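Quick note on labels: first sequence line is chain A, next is B, and so on, each numbered from 1. Side chains included, hydrogens not; waters and symmetry mates left out as well; all remaining heavy atoms used. Just so you know, these numbers come straight off a predicted model, no measurement behind them.
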Amino acid sequence: MTKTIKPVRVRFAPSPTGRTHLGSGRTALYNYLLARQTGGQFILRIEDTDQKRFVKGAEEELMEGLHWLGLDWDEGPDVGGEYGPYRQTERRELYQKYSRHLVERGQAYYCFCAVSEDVEDKKEKTSFQKHRNICPDRDVDLAEADQKVAGGEPHVIRFRMPRDGNITVTDAIRGDITVENITLDDTILVKSDGLPVYHLAVVVDDHLMGITHAIRTSEWLPTFPLHGHLYAAFGWDQPTWIHPSIFLKPDGKGKMSKRDSEALMEAGKPIFLSDFGRMGYLPEAVVNWAALIGWSYDDKTEEFSMEDLIEKFSVEKLSPAPAALNFSKLDHFNGLYIRTLDVADLAARLRPFFEAGGYLVNDDEKLLQVAEALQIRLANLAEAPEKGGFFFKDEVYPDPESLIGKKMTAEQSMEMAQHIETLIASLPDFSEESASQPLRDLATEMGLKAGHVFGFLRNALTAQKVSPPVFETMEIIGREKVLERIRKGIEILENV
RNA sequence: GCCCCCAUCGUCUAGUGGCCCAGGACAUGGCCCUCUCAAGGCUAAAACGGGGGUUCGAGUCCCCCUGGGGGCACCA
């Protein structure tokens with residue numbers, strides 16, 4: 001396997017404009033894996049140059065989400081680092097300096113037309129765009145433009161895109177991509193508020209921060225050539241560009257977006273990092289699942305811990321094709337990881353879900369037993385109250401019908417129940433070993449099947465038609481309560 | 001409309017010219033196990049979008065078509 005041997009410097013560079021979703025989580029993960037695999041640095045950079053879209057608290061939620069996944073970074077706004085500051089709004093002088101440099105070298109120009117902001121005539125805008133976003137000010141003398149700028153005239157800075165020729169940029173997943181310059185715009189580099197747009201900021205920062213590998217999703221492919229031009233204009237070497245494909249909605253129709261969240265959440269499918277945990281998913285499962293969307297290791301291996309991923313991740317095995325999300329596979333991984341947890345760990349993770357379900361969990365020993373009983377039966381932590389809430393109830397209320405055995409009358413069932421009670425009361429303990437045979441014998445003596453006996457017990461003890469095995473259940477509930485619930489079942493049958 | 005990217009089972013994917021009458025996983029069906037439900041084991045069905053090339057030989061290389069996706073903001 002080919003590995004990147006030299007330590008990389010990679011960055012995850014989100015903008016704090018809302019909640020962090022899974023796609024971002026995967027991009028961050030890939031960055032992290034590469035950094036840890038090569039002994040390099042993983043940098044968190046906040047791209048907050050759009051003040052209008054800034055969302056308070058987004059940065060905090062982002063960091064929490066990444067930590068929840070198990071990712072940490074070596075440099076960032078919270079931990080500092082030699083290449084800071086790590087928030088772009090705190091770096092504005094840098095961008096001004098570099099954009100001015102471009103202007104002076106004739107590779108960018110001041111533009112004074114306020115076309116796109118409050119254009120009312122849509123046709124005007126359209127025609128402007130037809131001319132490839134080239135402002136008439138492109139050919140204005142710099143001295144003249146400088147005077148206008150000095151006079152406080154509102155302006156933006158645009159890149160002076162060559163009008164002929166072509167450019168080739170290289171993506172590590174797809175290879176060379178060549179486009180004709182004529183299809184490219186004189187893109188705005190600096191807004192009238194003096195802050196840079198993404199295109200300028202990403203190039204300047206990646207260069208200044210010594211980024212060796214830039215990972216971002218494929219939605220950036222269309223503007224990739226522009227970034228190539230910017231690197232050329234500055235005379236800088238480019239990092240290795242890696243554009244993993246985007247996520248598609250589960251139905252494969254269109255890219256996964258924040259707008260889809262609500263509908264998906266209703267189906268129990270979270271897409272925001274901060275939702276997975278409270279929806280009952282384990283970070284281990286989410287990491288494993290997400291890593292495998294657009295990346296694979298070989299033709300069989302699918303289970304990867306974070307350590308495995310750090311060791312085995314490789315850019316070469318990234319797929320260029322968009323991928324639809326398969327949430328049932330996430331459930332599969334979640335069940336898998338739940339099953340590998342030690343019981344004490346599972347119990348600890350289960351506790352908040354029982355409490356959220358309204359159950360008082362004050363017996364740690366019992367919680368441990370419940371966790372053990374439920375372990376192989378859970379695909380999701382959030383199912384715990386529904387599947388095992390009865391363990392924590394003082395009383396259960398079985399449906400009378402459920403206590404009546406198949407092809408049996410209420411009376412026969414009651415008679416059976418009384419025998420069961422007598423037998424259980426005389427049992428030395430609830431272990432399968434000592435209790436199973438007597439109960440089976442009882443069924444046989446009464447001309448019934450073992451299923452009748454166990455069925456009654458299950459329903460009387462749990463008021464559920466499915467539960468952990470009866471013996472295990474009885475042990476957890478305890479003799480006193482078991483007998484209590486059996487008697488109550490008999491009582492219910494008496495009144496049918 | 002223009003530009004760019006992509007194309008193997010329903011979904012995620014393995015496959016870098018012969019090892020492929022295409023392998024794995026999820027989901028689905030069946031069987032086994034079994035006190036229910038799970039878990040586990042076995043098993044079934046399920047794909048190289050179409051057409052041209054290149055080659056002794058193509059899922060694998062090239063071209064066209066089709067289909068899908070992305071982008072076209074003083075957002076990232």
(request) Mark yes or no for whether A/Asp429, through its side chain, and A/Ser431, through its backbone, hold a donor-acceptor pair below 3.5 Å. (result)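 Indeed, once roles are kept as given, a pair shorter than 3.5 Å links the two residues.
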(request) Using modelled atom types only, decide if a donor and an acceptor are shared between the side chain of A/Thr301 and the backbone of A/Tyr297 within a distance under 3.5 Å. (result) no
(message) Going by side chain to side chain contact (heavy atoms under 4.5 Å, CB included), A/Tyr98 matches just one of A/Val204, A/Val203, A/Leu230. Which one?
(response) A/Val204
(message) Regarding B/rC74, can its base be found pairing with the side chain of A/Ser192 as donor and acceptor, where the two atoms are less than 3.5 Å apart?
(response) yes
(message) With a 3.5 Å cut-off and heavy atoms only, can you find an N or O donor on one side and an acceptor on the other between the side chain of A/Glu219 and the base of B/rG71?
(response) no
Would you mind classifying the nucleic acid contact of [X] as base, sugar-phosphate or nothing, using non-hydrogen atoms under 4.0 angstrom?
X: A/Pro320; result: sugar-phosphate
X: A/Trp295; result: nothing
X: A/Thr17; result: nothing
X: A/Ile177; result: sugar-phosphate
X: A/Glu302; result: base
X: A/Gly294; result: sugar-phosphate
X: A/Thr301; result: nothing
X: A/Phe471; result: base
X: A/Pro14; result: nothing
X: A/Val197; result: sugar-phosphate
X: A/Ala450; result: nothing
X: A/Lys317; result: sugar-phosphate
X: A/Val179; result: sugar-phosphate

(request) Decide, yes or no, whether a salt bridge links A/Arg349 with A/Glu284 under the criterion of side-chain N to carboxylate O below 4.0 Å. (result)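 A/Glu284 and A/Arg349: salt-bridged.
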(message) So that I can tick it off, tell me whether A/Arg87 and A/Glu47 are bridged by a salt bridge, with the cut-off set at under 4.0 angstrom between side-chain N and carboxylate O.
(response) no
Given the [atom1] atoms of [N] and [M], what is the spacing between them in whole Å?
N: B/rA76; M: B/rG40; atom1: C1'; answer: 48 Å
N: B/rU16; M: B/rC61; atom1: C1'; answer: 10 Å
N: B/rC4; M: B/rG50; atom1: C1'; answer: 23 Å
N: B/rG41; M: B/rC6; atom1: P; answer: 38 Å
N: B/rU13; M: B/rG53; atom1: P; answer: 33 Å
N: B/rC65; M: B/rG71; atom1: C1'; answer: 23 Å

(request) Mind running ring-ring contact (aromatic ring centres under 6.0 Å, His included) on A/Phe454 and A/Phe471 for me, showing each step along the way? (result) CA-CA 9 Å; A/Phe454 292 118; A/Phe471 299 111; 5.6 Å; yes
(request) Could you let me know what B/rA14 is paired to, Watson-Crick or G-U wobble, both distances under 3.5 Å, or none if it's on its own? (result)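 Result: none.
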(request) Specify the separation, in whole Å, of atom CZ of A/Phe159 and atom C1' of B/rC74. (result)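 A/Phe159 atom CZ is separated from B/rC74 atom C1' by 18 Å.
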(message) Is there a side-chain contact between A/Lys253 and the phosphate of B/rU11, meaning an N or O under 4.0 Å from OP1 or OP2?
(response) no
(request) Kindly point out which of B/rC35, B/rA27, B/rC75 is positioned nearest to the side chain of A/Lys52? (result)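 Nearest to the side-chain atoms of A/Lys52, counting from C-beta on, is B/rC75.
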